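Following: one structure in structure tokens, then a few remarks.
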Amino acid sequence: MDLLKGKVAMVTGGTRGIGYAIVKTYLDNGASVALCGSRQETVDKALAQLKAENPDYPVIGLCPDLGNPEEVAAAVAQTKEAFGRFDILVNNAGISARESIYDYKPEDFTKIMNLNVTAVFNCAQAAAKVMKEQGGGVILNTSSMVSLHGQPSGVGYPASKFAVNGLTKSLARELGKDNIRVNAVAPGITRTDMVAALPEAMIKPLIATIPLGRVGEPEDVANAFLFLASDLASYVTGEILSVDGAARS
Ligand code: NAD
């Protein structure tokens with residue numbers, strides 16, 4: 001398929017997991033992609049993996065500090081310079097922590113908010129400025145199933161994803177007049193490092209609550225990001241699209 005032919009995307013947290021699957025899906029659909037990661041080493045590894053699959057993939061690697069608005073704006077500018085346009089931003093980088101409220105370290109709460117919320121704001125702001133000048137674009141955020149239902153421990157993570165939904169819905173209303181669509185994907189449990197870090201005893205009962213009877217694959221989530229980035233979703237904005245097998249825990 002060529003659903004993103006001629007489009008240029010920047011994907012944060014693109015080195016592994018869901019972000020890597022989004023990068024690959026976008027490349028396979030004709031987009032040029034700037035893949036962002038937190039360390040040069042992991043960015044280089046992801047680039048090498050992609051180039052091994054297809055040496056002609058139009059992909060570059062960037063390592064901006066997403067908490068720093070100047071570095072984020074520079075990454076957006078570098079992406080535009082490399083590929084001539086800037087059409088799609090995917091805010092995917094995210095972290096979680098599972099401590100109970102009684103043990104929760106305030107610095108962990110701040111760290112989660114900085115990456116999961118403030119970085120989304122920084123990237124959206126830098127991208128929207130370029131997209132407005134260009135006549136439009138698409139901003140996609142990675143929310144979570146827990147943004148709809150909360151979760152029974154690790155309150156910082158669901159709080160951050162509720163905030164992502166708020167950013168998504170509000171920016172959709174603010175940026176519609178500039179032809180910029182803003183949506184989020186809310187994955188359920190998806191097979192990535194984030195999930196591999198959970199103890200088996202926690203995963204098994206979770207699967208039992210999923211009507212489709214399995215955890216999601218990164219590609220399941222990437223396909224939702226493909227639809228929302230493409231012109232097939234030209235009248236869809238302000239939505240939080242669940243990709244969770246109808247899990248409700
Ligand atoms: P992952 O841990 O496999 O990958 C996280 C990505 O974020 C990596 O590319 C990493 O380089 C990047 N990252 C981490 N810290 C960073 C930092 N400080 N600065 C810049 N980049 C940083 O995670 P994943 O499971 O693929 O999750 C991706 C997104 O999906 C996250 O926003 C997560 O909250 C969300 N999500 C995941 C699941 C799941 O079950 N895996 C479920 C719902 C939502």
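Predicted model only: the values in this text are computed from it and were never measured. As the structure lists them, so they are numbered: ligands from 1, and atoms in each ligand from 1.
- Short contacts between ligand 1 and L115, defined as distances under 4.0 Å to a heavy atom of the residue, involve ligand atoms 15 (N), 16 (C), 17 (C), 18 (N), 19 (N).
- The 12-atom threshold is exceeded at CZ of R98, counting heavy atoms of other residues, nucleotides or ligands nearer than 6.0 Å.
- Of the options V146, T192, I95, the smallest heavy-atom separation from atom 24 (P) of ligand 1 is shown by T192.
- Neither the backbone nor the side chain of Y20 has any atom closer than 4.0 Å to an atom of ligand 1 (non-hydrogen atoms only).
- Looking only at side-chain heavy atoms (C-beta outward), L62 and V43 stay at 4.5 Å or farther from each other.
- Scanning the protein for heavy atoms near atom 43 (C) of ligand 1, the closest one is P187 O, 3.2 Å.
- Taking every non-hydrogen atom of I189 and a distance limit under 4.0 Å, the qualifying atoms of ligand 1 come out as 40 (O).
- Counting heavy atoms under 4.0 Å from ligand 1, residue I18 touches it through both backbone and side chain.
- Between K24 and L27, every side-chain heavy-atom pair lies at or beyond the 4.5 Å cut-off.
- Atoms of ligand 1 found under 4.0 Å from any heavy atom of S143, numbered from 1 in the order shown, are 44 (C).
- For ligand 1, the atoms lying closer than 4.0 Å to a non-hydrogen atom of L66 are 20 (C).
- For atom 4 (O) of ligand 1, the closest non-hydrogen atom of the protein is R16 NE, 3.4 Å.
- Atom 9 (O) of ligand 1 has its closest protein heavy atom at T15 OG1, 2.8 Å.
- Residue-level proximity to ligand 1 for N92 is carried by backbone and side chain together, each with a heavy atom below 4.0 angstrom.
- Both the backbone and the side chain of T190 come within 4.0 Å of ligand 1, counting heavy atoms alone.
- Nearest non-hydrogen protein atom to atom 23 (O) of ligand 1 is M194 CB, 4.0 Å.
- Ion pair R39/E41 flagged as a salt bridge, since at least one NZ, NE, NH1 or NH2 atom sits closer than 4.0 Å to an Asp/Glu carboxylate oxygen.
- Heavy-atom contacts of Y157 reach the following atoms of ligand 1: 33 (C), 34 (O), 35 (C), 36 (N), 43 (C), 44 (C) (cutoff under 4.0 Å).
- For atom 13 (N) of ligand 1, the closest non-hydrogen atom of the protein is A93 CB, 4.1 Å.
- Side-chain contact between Q134 and D87 is present, with heavy atoms from C-beta onward closer than 4.5 Å.
- With a heavy-atom cut-off of 4.0 Å, R39 does not touch ligand 1 at all.
- Residues T15 and L35 form a side-chain contact, since some pair of their non-hydrogen atoms from C-beta on lies under 4.5 Å apart.
- The only option from V33, L226, V11, L140 that meets the side-chain contact (heavy atoms from CB on, under 4.5 Å) definition with I22 turns out to be V11.
- Other residues, nucleotides and ligands place more than 12 heavy atoms under 6.0 Å from the CZ atom of F162.
- Which parts of ligand 1 touch T142 is read off a 4.0 Å heavy-atom cut-off, strictly below it: atoms 29 (C), 30 (O), 32 (O), 35 (C).
- Summarising the geometry of R181 relative to T237, their closest heavy-atom pair is CA-OG1, 3.4 Å, with the distance given to 0.1 Å.
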